[in-house]
Amino acid sequence: MSTRNSAQHGTADLDLVAGLLRDVPDFPTPGIRFWDLSAMLADGPGLAATTRLLAAATAEPPDVVVGIEARGFLLGAAVAHSLGLGVVAVRKQGKLPVVAASRSYDLEYGSATLELPAGVIRPGARALLVDDVLATGGTAAAACALVEGAGAAVAAVSVVLELPTLEGRARLGEHPVHALLTR
Ligand SMILES: O=P(O)(O)OC[C@H]1O[C@H](OP(=O)(O)OP(=O)(O)O)[C@H](O)[C@@H]1O
Ligand SMILES: Nc1ncnc2[nH]cnc12
């Protein structure tokens, strides 16, 4: 899905969200331009606009929302609530007491492992994955693999911000990607 697709998204909502993002040089390591969504999350109308736009990722409503640690938890819960759905928290390694599966991956500034909680995704369910940023795509690809490993389907990956130079979309193969903005 293209950025700033005004046929599907309210331009006013997108402008509001875009105005609440900020970039921080050299965080968390030198050379990384880090996109910080804290101001958007702290702004009532900004969070509401972001939630509306992220929830519009699929024409058909999904069955469940998956939020990716950590910033994806906040957005995923908001999107799930707006759609009347539950949210599954895909967590970094070592946080969940009962794990269905784990998946390791690399990202712009390191590597990590994600884990899916056991017994909370119904096989056959259509899951909407939500996160703040799509950069290299390592995180989202790992989350997709976990969801599919549980027998569910990825309806779409919905993010606020895509960093296209890092080619994360290519890493997600055929999975539909819905990015509100690119930088
Ligand atoms: O597309 P990628 O290159 O995988 O990068 C995107 C991921 O990086 C950030 O999370 P981070 O791992 O920094 O974790 P946090 O949200 O727990 O801070 C961001 O919230 C995405 O989840
Ligand atoms: N540049 C970046 N800004 C914010 N989150 C990120 N996750 C991976 N790369 C990122």
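Each ligand, and each atom within it, is numbered from 1 in the order the structure gives.
- Heavy-atom proximity to Val133, at under 4.0 Å, picks out these atoms of ligand 2: 4 (C), 5 (N), 6 (C).
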Between ligand 1 and the protein, find all N/O pairs closer than 3.5 Å and give the distance for each.
unit_1   : atom_1 : unit_2 : atom_2 : d
ligand 1 : 1 (O)  : Ala135 : N      : 2.8
ligand 1 : 1 (O)  : Thr136 : N      : 3.1
ligand 1 : 1 (O)  : Gly137 : N      : 2.8
ligand 1 : 3 (O)  : Thr136 : N      : 2.8
ligand 1 : 3 (O)  : Thr136 : OG1    : 2.5
ligand 1 : 4 (O)  : Gly138 : N      : 3.4
ligand 1 : 4 (O)  : Thr139 : N      : 2.8
ligand 1 : 4 (O)  : Thr139 : OG1    : 2.5
ligand 1 : 10 (O) : Arg71  : NH2    : 3.4
ligand 1 : 12 (O) : Lys92  : NZ     : 3.4
ligand 1 : 13 (O) : Arg71  : NH2    : 3.2
ligand 1 : 13 (O) : Tyr109 : OH     : 2.6
ligand 1 : 14 (O) : Lys92  : NZ     : 2.9
ligand 1 : 16 (O) : Ala70  : N      : 2.9
ligand 1 : 16 (O) : Arg71  : NE     : 3.4
ligand 1 : 17 (O) : Ala70  : N      : 3.2
ligand 1 : 17 (O) : Lys92  : NZ     : 3.0
ligand 1 : 18 (O) : Arg71  : NH2    : 3.4
ligand 1 : 20 (O) : Arg71  : NH2    : 3.4
ligand 1 : 20 (O) : Asp132 : OD1    : 2.5
ligand 1 : 22 (O) : Asp131 : OD2    : 2.5

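- Nearest to atom 1 (N) of ligand 2 among the protein's heavy atoms is Arg33 O, 2.8 Å.
- Ring planes of Phe34 and Tyr109: tilted class, angle from 30 to 60°.
- Hydrophobic clustering keeps Val130 apart from Phe73 (ILVMFWY residues linked when any side-chain heavy atoms are closer than 4.5 Å, directly or through intermediates).
- Here Asp13 pairs with Arg52 in a salt bridge; the nearest charged N to carboxylate O distance falls below 4.0 Å.
- Among protein heavy atoms, the minimum distance from atom 10 (C) of ligand 2 is reached at Glu108 OE1, 3.2 Å.
- Neither the backbone nor the side chain of Asp36 comes within 4.0 Å of ligand 2, counting heavy atoms alone.
- A side-chain hydrogen bond (donor to acceptor under 3.5 Å, both in side chains) with Glu69 is found for one member of Gln93, Lys95, Arg91 and no other, namely Arg91.
- Residue Arg71 touches ligand 2 through its side chain alone, judged by heavy-atom distances below 4.0 Å.
- In the model, Glu115 has a side-chain atom that pairs as donor or acceptor with a side-chain atom of Ser102 under 3.5 Å.
- The protein heavy-atom contact nearest to atom 3 (N) of ligand 2 is Trp35 N, 2.8 Å.
- The ligand atoms of ligand 2 that sit less than 4.0 angstrom from a heavy atom of Leu163 are 1 (N), 2 (C).
- Residues Thr50 and Leu41 fail the side-chain proximity criterion, which asks for heavy atoms closer than 4.5 Å.
- Per-residue contacts place Ala135 under 4.0 angstrom from the following atoms of ligand 2 (heavy atoms of the residue considered): 8 (C), 9 (N).
- For a threshold of 3.5 Å applied to N or O pairs, the pair formed by Asp132 and ligand 2 contains no separation below that value.
- Shown here for Val160 and Leu54, the closest heavy-atom pair between the two residues is N-CD2, 3.8 Å.
- For His178 and Glu162, the side-chain atoms include no donor-acceptor pair closer than 3.5 Å.
- Between atom CD1 of residue Ile32 and atom CZ of residue Phe27 there is a gap of 11.0 Å, rounded to the nearest 0.5 Å.
- At a threshold of 4.0 Å, the pair Arg126-Asp63 does not count as salt-bridged, since none of the basic side-chain nitrogens sits closer than that to a carboxylate oxygen.
- Looking from atom 6 (C) of ligand 2 to the surrounding protein, the closest heavy atom is Tyr109 OH, 3.4 Å.
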- Task: Could you please spell out the steps behind the side chain to side chain contact (heavy atoms under 4.5 Å, CB included) verdict for Leu21 and Asp36?
- Result: CA-CA 6 Å; Leu21 307 185; Asp36 179 26; over 6 Å; no

